[in-house]
Amino acid sequence: GYSTKKVHTILNFKGNNLEKKEEVKCPDDDLTHTYILIINADDSYEIRVDDQDPTIGNLKDGWDFEQQKLINDPDASKPEDWVDEAKIADPEDIKPEDWDDQPAEIADPGAEKPDDWDDDLDGDWDAPTIPNPEYRGEWRARMIDNPDYQGEWVHPEIDNPDYEADPNLYKYSFGGVGIEIWQVKAGTVFDNILVTDSEEEAEAAVTEILSSQAT
């Protein structure tokens, strides 16, 4: 189904195949479609499927090329006495003495003993129970702001010693194009593959392909 079909955009980086973190949906039909991947020198990218709105972004945001610049300080830990409960039970709120006087269920006052009920054969008749409209549930003290609340503890961060910026993420050298296919039924055809550094050339090729399909 459409929910499980996506455009796989996998980039090789230092010997590792990195798949795009967010999915790009692909059409779910038997028609011809065009796909364009554009990688720019400013590390931006576009993924175009037919004439749909393109998926755009930055390479570093779309794939896990680099390790994080900042990491949690391994020597820091949350203090044991840190108070992160924003609300507490009001210590001055007292449970009413009659709170538990009403049970959760009561005998149905509208129920009547069946005319054919035989106490000797059927035993003592008990009316069915219904929820008690007077039952107030389990008592809980009202909540108030915690005067000792310190806020959510934030783990301090430090520079990642393993972080290494790569200014050439966009650079790729192509000697050919390979296609690896796994499918459960035959009939998929790939053709008109173009590798170019000209966006205009790619768009012109798509226009030509789509126009030929329309005739």
Side-chain angles (χ1 to χ4, degrees), residues 1-74 76 151-215:
Y2 180 74
S3 62
T4 60
K5 294 190 176 182
K6 63 181 179 179
V7 178
H8 286 272
T9 313
I10 301 173
L11 300 177
N12 187 275
F13 180 67
K14 296 182 178 180
N16 296 314
N17 291 325
L18 307 179
E19 186 169 4
K20 192 176 184 306
K21 291 187 285 188
E22 295 183 359
E23 291 187 0
V24 177
K25 293 298 183 183
C26 67
D28 184 18
D29 54 43
D30 296 327
L31 304 177
T32 296
H33 298 282
T34 61
Y35 301 86
I36 296 179
L37 170 63
I38 301 173
I39 297 178
N40 299 305
D42 62 356
D43 284 346
S44 63
Y45 72 90
E46 291 187 34
I47 300 173
R48 302 180 185 177
V49 181
D50 297 332
D51 56 356
Q52 301 175 10
D53 291 336
T55 299
I56 61 177
N58 183 275
L59 290 175
K60 294 182 181 180
D61 297 330
W63 290 262
D64 290 324
F65 284 103
E66 301 173 342
Q67 297 193 36
Q68 294 180 332
K69 282 187 176 182
L70 299 175
I71 59 173
N72 289 339
D73 184 352
E152 183 178 353
W153 185 77
V154 179
H155 202 127
E157 294 182 320
I158 60 173
D159 291 334
N160 184 355
D162 296 325
Y163 171 76
E164 182 179 351
D166 189 331
N168 299 314
L169 293 179
Y170 69 94
K171 287 187 177 181
Y172 280 86
S173 297
F174 294 94
V177 175
I179 299 177
E180 180 179 353
I181 303 174
W182 184 91
Q183 59 182 11
V184 295
K185 62 179 181 179
T188 302
V189 177
F190 291 84
D191 60 7
N192 296 303
I193 299 172
L194 173 65
V195 179
T196 176
D197 59 1
S198 170
E199 184 175 333
E200 292 75 15
E201 184 180 2
E203 291 176 343
V206 169
T207 300
E208 181 180 355
I209 294 169
L210 293 180
S211 61
S212 66
Q213 295 294 326
T215 58

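- Ile158 and Pro74 make their closest contact through CD1-CD, 3.8 Å (heavy atoms, listed as atom of the first residue, atom of the second, distance).
- Once rounded to the nearest 0.5 Å, the distance linking OH of Tyr35 with CD1 of Ile47 reads 11.5 Å.
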Test Leu59 against Leu11 for side-chain contact (heavy atoms from CB on, under 4.5 Å), laying out the working first. CA-CA 10 Å; Leu59 290 175; Leu11 300 177; 4.1 Å; yes

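- A 6.0 Å sphere centred on CG of Asp197 holds no more than 12 heavy atoms belonging to other residues, nucleotides or ligands.
- You'll find the side chain of Glu157 stays beyond 4.5 Å of the side chain of Ile71, heavy atoms only.
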Stepwise side-chain contact (heavy atoms from CB on, under 4.5 Å) test for Ile36 and Thr34: CA-CA 7 Å; Ile36 296 179; Thr34 61; 5.6 Å; no

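- The 12-atom threshold is not exceeded at CD of Gln68, counting heavy atoms of other residues, nucleotides or ligands nearer than 6.0 Å.
- Remark: Asn58 CG to Asp43 CG distance equals 5.5 Å, nearest 0.5 Å.
- Surrounding CG of Asn17 are more than 12 heavy atoms belonging to other residues, nucleotides or ligands, all under 6.0 Å away.
- The environment of CD1 in Ile56 is sparse: at most 12 heavy-atom neighbours from other residues, nucleotides or ligands sit within 6.0 Å.
- For the residue pair Pro27 and Val49, the shortest heavy atom distance occurs at CD-CG1, 3.7 Å.
- What you find for Phe13 and Leu18 is that their closest heavy atoms are CB-CD1, 3.7 Å.
- When all heavy atoms of Arg48 and Pro54 are compared, the pair lying nearest together is CG-CB, 3.8 Å.
- Lys69 contributes atom NZ, which lies 6.5 Å from atom NZ of Lys60 (distance to the nearest 0.5 angstrom).
- Rounded to the nearest 0.5 angstrom, Ile39 CD1 and Glu46 CD are separated by 11.5 Å.
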So His8 and Lys6, side-chain contact (heavy atoms from CB on, under 4.5 Å) or not? Walk me through it. CA-CA 6 Å; His8 286 272; Lys6 63 181 179 179; 3.2 Å; yes

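- In Glu208, the CD atom is not crowded: 12 or fewer heavy atoms of neighbouring residues, nucleotides or ligands sit closer than 6.0 Å.
- Here NZ of Lys171 is found 10.0 Å from CG of Asp166. Values are rounded to the nearest 0.5 Å.
- Across Asn40 and Tyr170, no two heavy atoms sit closer than the pair O-CB, 3.1 Å.
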Report the C-alpha separation of Lys20 and Trp63 in whole Å, then their side-chain angles, then the decisive distance to 0.1 Å, and conclude whether the side-chain contact (heavy atoms from CB on, under 4.5 Å) test is met. CA-CA 5 Å; Lys20 192 176 184 306; Trp63 290 262; 3.7 Å; yes

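- Atom CG of Asn160 and atom CD of Gln67 lie 5.5 Å apart (nearest 0.5 Å).
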